[in-house]
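Every chain is numbered from 1 and lettered A, B, ... according to where its sequence line falls, protein lines coming before strand lines.
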Amino acid sequence: MKIQDTLSNTEKELDISKKVKIYLCGVTVYDESHIGHARTIIVFDVLRKYLDSKGVEVEFIQNFTDIDDKIINRAQTENTTAKIISTKYINDYFKDFDELNVKRATNYPKATEHIEDIIKFIEKLIEKQVAYITKNGVYFSISKFPEYGKLSKKKIDELLSGARIEVDEAKKDPLDFAVWKFSDGEPVWNSPWGKGRPGWHIECSAMSTKYLGENFDIHGGGRDLIFPHHENEIAQSESFTGAPFAKIWVHVGMVTINGEKMSKSLGNVKSIKHVLENWGSNIIRLFCLSGHYSKPIDYSEELLKESLTKWRQVETCYYELIHANSKNHEEISSKIKKIGLEFDNALDDDFNTHLALSAFFQLVKEANRLAAEEKLGKDDAQIIKTEFERMLEILGLTIPKMTEDEKQKIDDLIASREQLRKEKQFEDADKIREKLNEMSIELIDHKENTIWMKKENIKAEN
RNA sequence: GGUACUCUGGCAGAACGGUUAUGCGUGGGCCUGCAAAGCCUAUACAAGGGGGUUCGACUCCCUCGGGUACCUCCA
C-alpha cells in the first residue's frame, strides 16, 4: 500500500508485514466536534478498517489535548474547572464518534495524565541543550535543529518576515516555542523548573514515543497541523532521539463551507451533532470519503444529497440480496472478483476512497441489475453479499438490524396485500402499502415476489 | 508579502502523451393494476488564459491568472 508522505513529498510504501503503528493528532476538547474533525477521523478509521480486513495488526493512538489556553478560558467564562470542561467534551466526542461508527483507538492518551512523561522528555531536551529556561518557561531552541522547516517547506527567515509572531524578549529566537509555560493559576503542575503546564506540541512527542516507540509508521492529522504543530513535534522528537520520527506523514484536507474554511468567527461551523441529526452517520461517511483525503472538500447540500442517493441504492441492494430467490441465474463471480480487486487497488494507491466507492457502487449496481432482470439467484446473491459486506465493513457503513418479530409482521402484511391484489382489491392493497411506508418500509414488487426494504429515516430528506 | 496545494463538462471526480472515464443531474423507455424502487438508454464534444516541446498534450515545460490553506490557536 502506497501513501503520500508530506515530509518527503513522495509516495511511500506502508510496511504491512508487521504491526502497523499509527499516531493521529486528535482534538482539543474545549468545544463540540465538527464535521472537519469528522473527516480526518473517518479517513483514518477507514484506513484502519482496511488494514484490519487484511489481517494486519494495527496499534492506533489518538490523543486528547485536555490542557490548553482555550480550555482554561472556557472554564473561566463558565465559572468552572478545566477538568470539568475537558471531561464534558471528551464524553461528547465519544458520543459523536460512536454514532459515526468509528472504531475506538487502541488508546486515547491525555496530556494531563502524562505530565511525568512530558517532564522527563523536557529534561532530556535541556540536557541535550536544545531547550533553555527563561523567566516565562522552557523553550525549544529552533537554531539547534538545522532541519527546522523541513515538513512545512518553510525557510526560517521567511517565517520571521511573516511578522505575526508575538515578541517575547526572553526568547533567544522569536520562533522558539514553549515546551513548558510557567504559571500559578490552575491547573498547574510542579516541575524541576517551576510551577506551570506543558506547551502544546510536547504532549504528542512524549506520548507518541511512549506508546509507539521512537520510529513508527504513520503520523497524521489535519493539514492545518503541518505548521507549527507537526513541524515542532519533529524538531523536539528528532532532537530527543537523534533518529527520524514518523515514517509517513499523512495530512487530511480541510472541510470548507461554500469554499471557505469553517471558523468560529465566520459562524459557519457545522457540529457533528447537528449534521448527524439531519443526515445520519452513513451519509456523513460517504460524504467524507467522496473526495481524495488530501484535498479540500466543500460541505454542501448538493453533495450530501448525492451521497443520500447513493445510500438509497445501497439499501436497495442489501435488501435485494437478502431476499434473493430467483430461479434464473447469471454467471457473475468473476465480475464480482474484479470489482473487489478494483476496490483494493484504489485503496492501495494512496488511499483513493473516491475510486474505492465507485467500485463499491458498481457492485451495488450489478446486484440491482440482476434483481431488476429477475436473475438474482440465492447462490449468486451469496457471492455478491460476501463482497458487499466486506466493503460495507471497511467503509464503516451500517444497515440497521431488524428483529425477527418486526420481519414477521412485515411478511404478514405483505401476504395479505398479495391476497388483496389477487382479488383486484387495489384500494385496500394500497392502504397496506401506505401503512408500511409509515413504518419506513418500502415495498419492491418483482414479477415473482414482493420484497421489502427498511429505509433509514433521513431528516434532511423531508 | 512568503510558502504549499489546487484549477477537467451543471455538480462531484479519474486515467492516460494519441482510444467513451465514471457517478450525480437531466430527457426518453422498461417493469407495475397504479406507484415506488430499480434497471436500460440518450445526453456533455470538457480541460483557467497564453506560449512552448512533440507527428500528436487534458496529460511534459515556461508564464500569467483564479481559488484554498498555512505563516497565530485550529482536524
Side-chain angles (χ1 to χ4, degrees), chain A residues 6 9 24-28 30-31 33-44 62 65 68-71 73 149 151-155 157-166 175 200 220-229 231 251-256 259-264 269 287 290-292 294-298 300 302-303 305-310 312-313 315-317 319-320 346 349 352 354-355 357-359 361-362 364-374 420-422 424-427 429-430 433-434 436-437 442-447 450-453 455:
Chain A
T6 311
N9 225 335
L24 177 65
C25 283
V27 297
T28 302
Y30 75 105
D31 206 344
S33 300
H34 56 66
I35 190 76
H37 301 123
R39 153 121 111 148
T40 300
I41 286 158
I42 287 170
V43 163
F44 273 83
Q62 182 184 325
T65 298
D68 163 274
D69 289 351
K70 275 183 303 219
I71 298 172
N73 291 342
L151 180 74
S152 55
K153 317 280 182 276
K154 288 181 189 303
K155 295 196 175 69
D157 47 342
E158 280 164 0
L159 280 169
L160 286 170
S161 68
R164 287 161 77 182
I165 297 146
E166 69 182 88
L175 292 173
W200 176 32
R223 273 212 113 72
D224 52 350
L225 294 184
I226 294 175
F227 190 90
H229 187 53
E231 192 71 60
H251 291 102
V252 179
M254 298 292 101
V255 175
T256 58
E260 281 177 315
K261 185 185 174 179
M262 272 192 296
S263 78
K264 289 254 155 80
V269 177
F287 164 76
S290 68
H292 189 93
S294 67
K295 291 187 183 173
I297 190 168
D298 200 45
S300 69
E302 200 181 349
L303 267 184
K305 265 185 197 150
E306 188 171 328
S307 296
L308 173 61
T309 304
K310 310 302 289 182
R312 292 301 185 209
Q313 292 171 2
E315 283 179 316
T316 305
C317 173
Y319 288 100
E320 292 285 10
D349 182 12
N352 193 329
H354 181 268
L355 282 184
L357 281 178
S358 57
F361 295 136
Q362 259 184 68
V364 166
K365 198 156 198 109
E366 202 55 37
N368 288 345
R369 196 203 94 228
L370 289 172
E373 293 174 2
E374 312 287 347
L420 290 165
R421 287 177 77 201
K422 265 184 200 145
K424 302 225 185 284
Q425 299 192 39
F426 294 121
E427 264 185 40
D430 288 352
R433 185 165 67 192
E434 270 164 44
L436 283 163
N437 277 344
E442 197 162 296
L443 300 185
I444 302 172
D445 287 331
H446 281 119
K447 270 205 179 78
T450 295
I451 70 160
W452 56 267
M453 60 183 274
K455 281 173 76 182

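Using modelled atom types, one side-chain atom of A:E374 and one backbone atom of A:K447 make a donor-acceptor pair closer than 3.5 Å. For the pair A:Q425 (side chain) and A:L420 (backbone), a donor-acceptor distance under 3.5 Å is absent. Within the 3.5 Å criterion, the main-chain N or O of A:S152 finds a donor-acceptor partner in the side chain of A:E231.
A:H34 is not listed as a side-chain neighbour of A:V255, based on a closest heavy-atom distance of 4.5 Å or more. Within the 4.5 Å cutoff, side-chain heavy atoms of A:H446 are placed close to those of A:I444. Considering only heavy atoms from C-beta on, A:R369 comes within 4.5 Å of A:E366 through its side chain. Side-chain contact between A:H292 and A:H354: absent, with no pair of heavy atoms (C-beta onward) separated by less than 4.5 Å.
Spacing between atom NZ of A:K365 and atom P of B:A37 amounts to 14 Å, rounded to whole angstrom units. Rounded to an integer number of Å, the gap from NZ of A:K155 to C1' of B:G1 is 15 Å. Taking atom CD1 on A:I451 and atom C1' on B:A36, their separation rounds to 12 Å, with Å as the unit. Summarising the geometry, the separation between CD on A:Q425 and C1' on B:G33 is reported as 13 Å, rounded to the nearest angstrom. Across the protein-nucleic acid pair, A:L151 atom CG and B:C71 atom P stand 13 Å apart, rounded to whole Å. Rounded to an integer number of Å, the gap from A:K310 NZ to B:C11 C1' is 13 Å. For the pair A:I444 CD1 and B:C39 C1', the interatomic distance rounds to 12 Å; values are reported in whole Å. Atom-to-atom, CH2 of A:W452 to C1' of B:A35 comes out at 20 Å; the value is rounded to the nearest Å.
Heavy atoms of A:N73 sit nowhere under 4.0 angstrom from any nucleic acid atom. Residue A:R223 is classed as having no contact, given no heavy-atom separation below 4.0 Å to the nucleic acid. Contacts of A:H34 with the nucleic acid, taken as non-hydrogen atoms under 4.0 Å apart, include base atoms. At the heavy-atom level, A:S300 lies nowhere under 4.0 Å from the strands shown. Residue-level contact check: A:F426 touches the bases, meaning some heavy atom is under 4.0 Å from a base atom. Residue contacts for A:G36: at a heavy-atom cut-off of 4.0 Å it reaches a base atom on one of the strands shown. Base contact: A:G253 has a heavy atom under 4.0 Å from a base atom. Residue A:R39 is out of contact with every strand shown, counting any heavy-atom pair closer than 4.0 Å. A:V27 comes within 4.0 angstrom of the backbone, heavy atoms only, and of no base. In this structure, A:K154 reaches the bases: a heavy-atom distance under 4.0 Å links it to at least one base atom across the strands shown. The residue A:E320 sits apart from the nucleic acid: no heavy atom pair falls under 4.0 Å. Residue contacts shown for A:L443 include a base, since a base heavy atom lies under 4.0 Å away. Contacts of A:K295 with the nucleic acid, taken as non-hydrogen atoms under 4.0 Å apart, involve only primed sugar atoms and P, OP1 or OP2.
Each of B:G23, B:C73, B:A75 was ranked by its minimum atom distance to the side chain of A:E306; first place goes to B:G23. Nearest nucleotide to the side chain of A:K447, out of B:G38, B:C31, B:A75: B:C31.
Between the base of B:A35 and the side chain of A:D445 there is a donor-acceptor pair shorter than 3.5 Å. At a cut-off of 3.5 angstrom, the base of B:A35 holds at least one donor-acceptor pair with the side chain of A:R433. Evaluation of atom-type donor-acceptor distances gives a pair under 3.5 Å for the side chain of A:D430 against the base of B:G33.
In this structure B:G25 sits in a base pair with B:U43, meeting the Watson-Crick or G-U test at under 3.5 Å. Pairing partner, B:A35: none, since no Watson-Crick or wobble contact has both distances short of 3.5 Å. Across every strand in view, B:C58 sits unpaired, with no contact that passes the Watson-Crick or G-U test at under 3.5 angstrom. Pairing of B:C5, defined by two Watson-Crick or G-U wobble distances under 3.5 Å, is identified with B:G67. Across all strands shown, B:C16 forms no Watson-Crick or G-U wobble pair with both key distances under 3.5 Å.
Distance check on atom P: B:U8 versus B:G13 gives 9 Å, rounded to whole Å. Nucleotides B:G50 and B:C58 have their P atoms positioned 12 Å apart, rounded to a whole Å. Distance noted for atom C1' between B:G51 and B:C39: 49 Å (whole Å). Comparing the P positions of B:G48 and B:G10 gives a spacing of 13 Å, expressed to the nearest Å. Nucleotides B:G9 and B:C24 place their C1' atoms 13 Å apart, quoted to the nearest Å. Rounded to whole Å, the separation between the P atoms of B:A35 and B:U68 comes to 48 Å. Nucleotides B:U53 and B:U59 are separated by 15 Å at their P atoms, to the nearest Å. B:G49 and B:G66 have their C1' atoms separated by 10 Å, given to the nearest Å.
With the nearest nucleotide of RNA chain B identified for both A:E442 and A:S358, A:S358 has the one nearer the 5' end. Taking the nucleotide of RNA chain B with the nearest heavy atom to each of A:I41 and A:E374, the more 5' of the two is matched to A:E374.
A:I297 approaches A:F287 most closely through the heavy-atom pair CD1-O, 3.2 Å.
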